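First the structure, in the form of structure tokens, and then the observations on it.
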Protein chains: 2
Amino acid sequence: MRFYSWNVNGFRSVLKKGFMDWLEEADPDVLSLQEIRCEWEEVDLSIRHQLESAYDICWFPATSKKGYAGSATLSKKDLGFSHAKGLGIEGCDAEGRMIVSRKDGLAFIAGYFPNASQGLVRLPFKRQFARDLAGIVARHHAAGDLVILTGDMNVAPEEIDLARPKDNTKNPGFTPEEREDFKLYLGAGLADVLRERNPDVPGLYTWWTARGGARERNVGWRIDLFLASRPLLDRVRDARIHAEVLGSDHCPISLELA
Amino acid sequence: MRFYSWNVNGFRSVLKKGFMDWLEEADPDVLSLQEIRCEWEEVDLSIRHQLESAYDICWFPATSKKGYAGSATLSKKDLGFSHAKGLGIEGCDAEGRMIVSRKDGLAFIAGYFPNASQGLVRLPFKRQFARDLAGIVARHHAAGDLVILTGDMNVAPEEIDLARPKDNTKNPGFTPEEREDFKLYLGAGLADVLRERNPDVPGLYTWWTARGGARERNVGWRIDLFLASRPLLDRVRDARIHAEVLGSDHCPISLELA
DNA sequence: CGTGATAAG
DNA sequence: CTTAACACG
């Protein structure tokens, strides 16, 4: 089973840049999209029909602000995943951030984690989100579920996860607070799959600022991640960053489980 | 002497679409631009230098709202026109609408006449502008000046001046009030030069809505005009609409005087 | 620097 | 439909 996550920075934008070709090629079983930035009805009808023919689609745009944030999870129709919008976290759910998809004993929790924003004005919001989410993961584990947590987490966990760690300790995505909160997910029993398998490999990034050729020079950040319940690690066949896939300031990431 | 007027719908936009090539080809002696929608300092430095080497430039952006309206008048350096920003009309001058350029006994009054706007919300403002401007023209005549009044007047004077007169009698640009006010300019001693020379020619338009191929089908309006003091009519060598010139939703118009 | 909403035309 | 400002990332 192949899971993908991609912050598309506007679904309608990425559609113009070959998303459907990418989808056919990648052929994910389960796909989380972040920053869809539109309603389902704003997507071209023919595209909607194509997607609906192959996937169960949970489209979860923000209700708080038009064209802002939002996420979606698509799963192959034959798999029979159930999808639930939101985490019951105030504010977060109005921004269409997280979707919980379930099948058998697996909870696939995916979406668009808050950005701390310029001046770290949303750091308190983001910290509360992290505490709430870690609690939810812990409860799934207590209930005997296995968990995959993925999406644009808007935090680079360690210095190795961004090209310029020293320059960014006060910037959104690499503050001590955000890194500390990231550890709450690990404390709830999850592992950072890609980093577990590539402990010392630098230059593994999933996001590059659009300003000034950062992507060409691979001056980036690894902020899109797959975390998985530790018992799942034995079933990991592949965990990958698809940096060659263009169309957004983020690239897709994937996880293949046996 | 060749006068031109063009509503460029964003000077920076039209620069990307060959404005400088057009300028070299048309080679106006005096040029009024409307809807420049930027400060002079926002124009590429090399363009500014090219223009400044050939023209005396009066750049008159709106101060009331960034990126809105504004006009400019350029005159060949050797001609020695003087340029004055504004008409002393409250509101109008803050929007960078009108420039008065003088040489000998000629007053070239040019710019961006108000749009009555959706719901005709600015019709009162536009009517006051017309009364004030007609008074200014009359005073120039009383002082013995000849006047050229030009620009985007945002009114089609007669039914022949737009493709769909019946559909537009309640729309901005063709209300009875705006057409009545247009006659104030004629009453002040000006003549509509192109229409005087082509009394019954339909299809002479200077603006086409960007919506749905109107320009290709010539479903347009003649709202950019040269009006001239009647004694100037004998000196008119040419009056023309340059509908083939692209780059804006308006096309340039010209007047050549002996 | 790019996406999308918005105001204005 | 297009321009430009703006918010957000």
Side-chain angles (χ1 to χ4, degrees), chain A residues 7-17 19 34-39 42-43 61-62 64-70 95 97 112-122 125-126 152-155 171-173 207-216 219 221 223-224 246-250, chain B residues 7-17 34-39 42-43 61-62 64-70 95 97 112-122 125-126 152-155 171-173 207-216 219-221 223-224 246-250:
Chain A
N7 178 323
V8 292
N9 190 27
F11 187 64
R12 286 167 298 178
S13 167
V14 87
L15 276 176
K16 294 179 203 145
K17 299 171 184 167
F19 174 86
Q34 303 99 42
E35 284 204 88
I36 52 175
R37 300 177 68 176
C38 67
E39 313 277 330
E42 294 173 304
V43 175
S64 58
K65 198 186 295 200
K66 201 165 152 46
Y68 175 71
E95 295 175 351
R97 291 193 174 273
Y112 182 42
F113 296 41
N115 186 307
S117 298
Q118 291 311 109
L120 306 176
V121 292
R122 290 201 100 188
F125 176 78
K126 184 175 187 176
D152 173 1
M153 301 197 182
N154 265 316
V155 60
N171 289 339
W207 175 80
W208 305 263
T209 177
R211 294 155 230 200
R215 190 158 184 176
E216 295 71 60
V219 178
W221 301 49
I223 58 180
D224 302 86
L246 306 179
S248 166
D249 50 347
H250 297 249
Chain B
N7 179 322
V8 292
N9 190 24
F11 187 64
R12 286 167 298 178
S13 167
V14 85
L15 275 175
K16 295 180 202 141
K17 299 172 185 164
Q34 302 99 43
E35 285 204 90
I36 54 174
R37 300 177 67 174
C38 68
E39 313 276 329
E42 294 174 303
V43 175
S64 59
K65 197 186 295 197
K66 202 163 149 52
Y68 176 71
E95 295 176 351
R97 291 193 175 273
Y112 182 40
F113 296 41
N115 187 308
S117 297
Q118 291 311 107
L120 304 177
V121 291
R122 289 200 101 189
F125 176 78
K126 184 175 187 177
D152 174 1
M153 302 197 181
N154 266 315
V155 58
N171 289 339
W207 175 80
W208 305 262
T209 177
R211 296 156 228 196
R215 190 159 183 174
E216 295 70 60
V219 178
W221 302 48
I223 59 179
D224 302 86
L246 306 179
S248 165
D249 50 347
H250 296 249

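What you see is a predicted model; the values in this text were computed from it and never measured. Labels below follow one simple rule: chain letters A, B, ... track the order of the sequence lines, proteins then strands, and each chain is numbered from 1.
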Task: For Tyr112(B), ring pair (Phe, Tyr, Trp, His ring centres under 6.0 Å) partners two or more places apart - done: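 With sequence neighbours excluded, Tyr112(B) shows a ring pair (Phe, Tyr, Trp, His ring centres under 6.0 Å) to no residue whatsoever.
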
Could you give the [atom1]-to-[atom2] distance, from [X] to [N], as a whole number of Å?
X: Ile36(A); N: dT3(C); atom1: CD1; atom2: C1'; value: 14 Å
X: Met153(A); N: dG9(D); atom1: CE; atom2: C1'; value: 18 Å
X: Glu95(A); N: dG9(D); atom1: CD; atom2: C1'; value: 13 Å
X: Asp224(A); N: dG9(D); atom1: CG; atom2: P; value: 15 Å
X: Asn171(A); N: dG9(D); atom1: CG; atom2: P; value: 14 Å
X: Phe113(A); N: dG9(D); atom1: CZ; atom2: P; value: 16 Å
X: Trp221(A); N: dG9(D); atom1: CH2; atom2: P; value: 14 Å

Open item on the list: According to salt bridge (charged side-chain N to carboxylate O under 4.0 Å, His left out), who are the partners of Glu95(A), at least two apart in sequence or on a separate chain?
Closed with: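 Glu95(A): salt bridge (charged side-chain N to carboxylate O under 4.0 Å, His left out) contacts with Arg97(A), Arg122(A).
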
What nitrogen or oxygen pairs link the protein and nucleotides 6-9 of chain C at under 3.5 Å?
from: dA8(C); atom 1: OP1; to: Lys65(B); atom 2: NZ; distance (Å): 2.5
from: dG9(C); atom 1: OP1; to: Tyr68(B); atom 2: OH; distance (Å): 2.6
from: dG9(C); atom 1: OP2; to: Ser117(B); atom 2: OG; distance (Å): 2.9
from: dG9(C); atom 1: N1; to: Arg211(B); atom 2: NH2; distance (Å): 3.2

TODO: Please tell me which of Gly212(A) and Lys16(A) maps to the more 5' nucleotide of DNA chain C, matching each residue to the nucleotide holding its nearest heavy atom.
DONE: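 First, find each residue's nearest nucleotide; the 5'-ward one identifies Gly212(A).
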
With sequence neighbours excluded, what pairs up with [X] under the side chain to side chain donor-acceptor pair (under 3.5 Å) test?
X: Gln118(B); value: none
X: Ser64(B); value: none
X: Asn115(A); value: none

- [ ] Please determine if a side-chain N or O atom of Thr209(B) lies less than 4.0 Å away from the OP1 or OP2 oxygen of dC1(D).
- [x]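 Answer no for this pair, as no side-chain N or O of Thr209(B) is under 4.0 Å from OP1 or OP2.
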
Task: Pair Glu42(A) + Lys66(A): basic N to acidic O under 4.0 Å - done: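 The answer is yes: the pair qualifies as a salt bridge.
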
